[in-house]
Amino acid sequence: MEKGLMPFWEEAYQREDAAAFSVEPNATLKEFEGMFNRQSRILEIGCGEGQNVLYLARQGYCHVDAFDLSEHGIEKLKRRCGKENLQINAFVADLTAYRFEKNYDCVMSFGTLHFVPKTEWRAMIDRAKAHTNVGGIHIMQIFTDTVPASADIAPFAVGLAKDGEIKELYDDWEILQFKSYTFEDEHPGVPKHLHASNKIVARRPENG
């Protein structure tokens, strides 16, 4: 992200009465939740204020890690955990510098990877794949350059993917789902706009 600029979501992270994106977990997470269990080790990269990991913790998942670059986002997530007595290992980290200390059964990231240079998110995926257990899955969503970055994220979206690029990084895994799509979005104070996106769900095979 460019230094000196404040993305719109930082303001929402500092408010208890606002959500930067959604209060509901990502639909794909719920769709594929049956592929892991309550003892699975799960990591979310770029968790924001935590709607996905909060959902998992409420369902009884007890080994959930989540990090974000935003101190405000992590502070808000921790407050929510405290209010609901939920156990989530939430911490501030930069995905470009993050190094895995353990393996996971599920690694997920939604709408985050394109905010770092392409070389960095590609390297992160490589590290995440190496630290995923056999049979474990990745759920990754990234914006593409099929349509130009909208004004609200353009200063920060330094790593937009080519359509299908993220799929190529999983050609040695079992691809369970791949979607290329465009959707309309809006945020408080930001006019409706379009994003182009790729979403992939892939599973590490025994020989992967």
Are [Y] and [X] connected in a single hydrophobic cluster, I mean Ile/Leu/Val/Met/Phe/Trp/Tyr linked by side-chain heavy atoms less than 4.5 Å apart?
X: Leu29; Y: Ile142; result: no
X: Leu43; Y: Leu169; result: yes
X: Val201; Y: Leu56; result: yes
X: Ile139; Y: Leu95; result: no
X: Leu176; Y: Phe36; result: yes

Any luck finding a side-chain donor-acceptor pair between [X] and [Y] under 3.5 Å?
X: Ser70; Y: Asp68; answer: no
X: Glu44; Y: Ser109; answer: no
X: Asp65; Y: Asn89; answer: yes
X: Thr144; Y: Asn198; answer: no
X: Arg41; Y: Tyr104; answer: no
X: His63; Y: Ser40; answer: no
X: Glu33; Y: Gln59; answer: no

NZ (Lys118) with more than 12 external heavy atoms under 6.0 Å: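 Count over threshold, so yes.
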Neighbour count >12 (heavy atoms, 6.0 Å) for atom CD, Gln87: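 No, the 6.0 Å shell around CD holds no more than 12 heavy atoms from other groups.
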Measure across [X] and [Y] and return the closest heavy-atom pair with its distance rounded to 0.1 Å.
X: Thr28; Y: Gln177; value: CG2-OE1, 3.9 Å
X: Val107; Y: Ile45; value: CG1-CD1, 3.7 Å
X: Phe100; Y: Ala128; value: CZ-CA, 3.5 Å
X: Ile88; Y: Cys81; value: CD1-SG, 3.6 Å
X: Val116; Y: Trp121; value: O-CD1, 3.6 Å
X: His114; Y: Phe143; value: ND1-N, 3.0 Å

[X] side, atom [atom1]; [Y] side, atom [atom2] - distance, nearest 0.5 Å:
X: Thr146; Y: Lys162; atom1: OG1; atom2: NZ; value: 9.0 Å
X: Lys179; Y: Lys199; atom1: NZ; atom2: NZ; value: 6.5 Å
X: Cys106; Y: Ile42; atom1: SG; atom2: CD1; value: 5.5 Å
X: Phe67; Y: Phe91; atom1: CZ; atom2: CZ; value: 6.0 Å
X: Met140; Y: Ile137; atom1: CE; atom2: CD1; value: 10.0 Å
X: Glu168; Y: Asp171; atom1: CD; atom2: CG; value: 8.0 Å

Would you indicate whether the side-chain heavy atoms of [Y] and [X] approach each other to under 4.5 Å?
X: Lys78; Y: Glu75; value: no
X: Arg80; Y: Leu54; value: yes
X: Ile166; Y: Ile125; value: yes
X: Cys47; Y: Leu77; value: yes

Do the side chain of [X] and the main chain of [Y] share a donor and acceptor less than 3.5 angstrom apart?
X: Arg203; Y: Gly135; result: no
X: Arg99; Y: Arg127; result: no
X: Gln141; Y: Gly111; result: yes

Worked check of side chain to side chain contact (heavy atoms under 4.5 Å, CB included) between Ile200 and His138: CA-CA 8 Å; Ile200 190 166; His138 283 192; over 6 Å; no
Step-by-step salt bridge (charged side-chain N to carboxylate O under 4.0 Å, His left out) determination, Arg122 to Glu165: CA-CA 10 Å; Arg122 289 177 66 99; Glu165 181 176 3; 2.9 Å; yes
Close aromatic pair by centroid cut-off 6.0 Å: Tyr61 and Tyr55: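 Between Tyr55 and Tyr61, which both carry aromatic rings, the centre distance is not below 6.0 Å.
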From CA spacing to verdict: side chain to side chain contact (heavy atoms under 4.5 Å, CB included), Thr96, Met124: CA-CA 7 Å; Thr96 66; Met124 164 53 84; over 6 Å; no
Verdict with supporting geometry, Phe110 and Asn52, side chain to side chain contact (heavy atoms under 4.5 Å, CB included): CA-CA 9 Å; Phe110 301 99; Asn52 296 307; 3.5 Å; yes
Lys129 to Tyr170 six-membered ring, cation-pi geometry met (6.0 Å, 45°):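 Yes, a cation-pi geometry holds between Lys129 and Tyr170.
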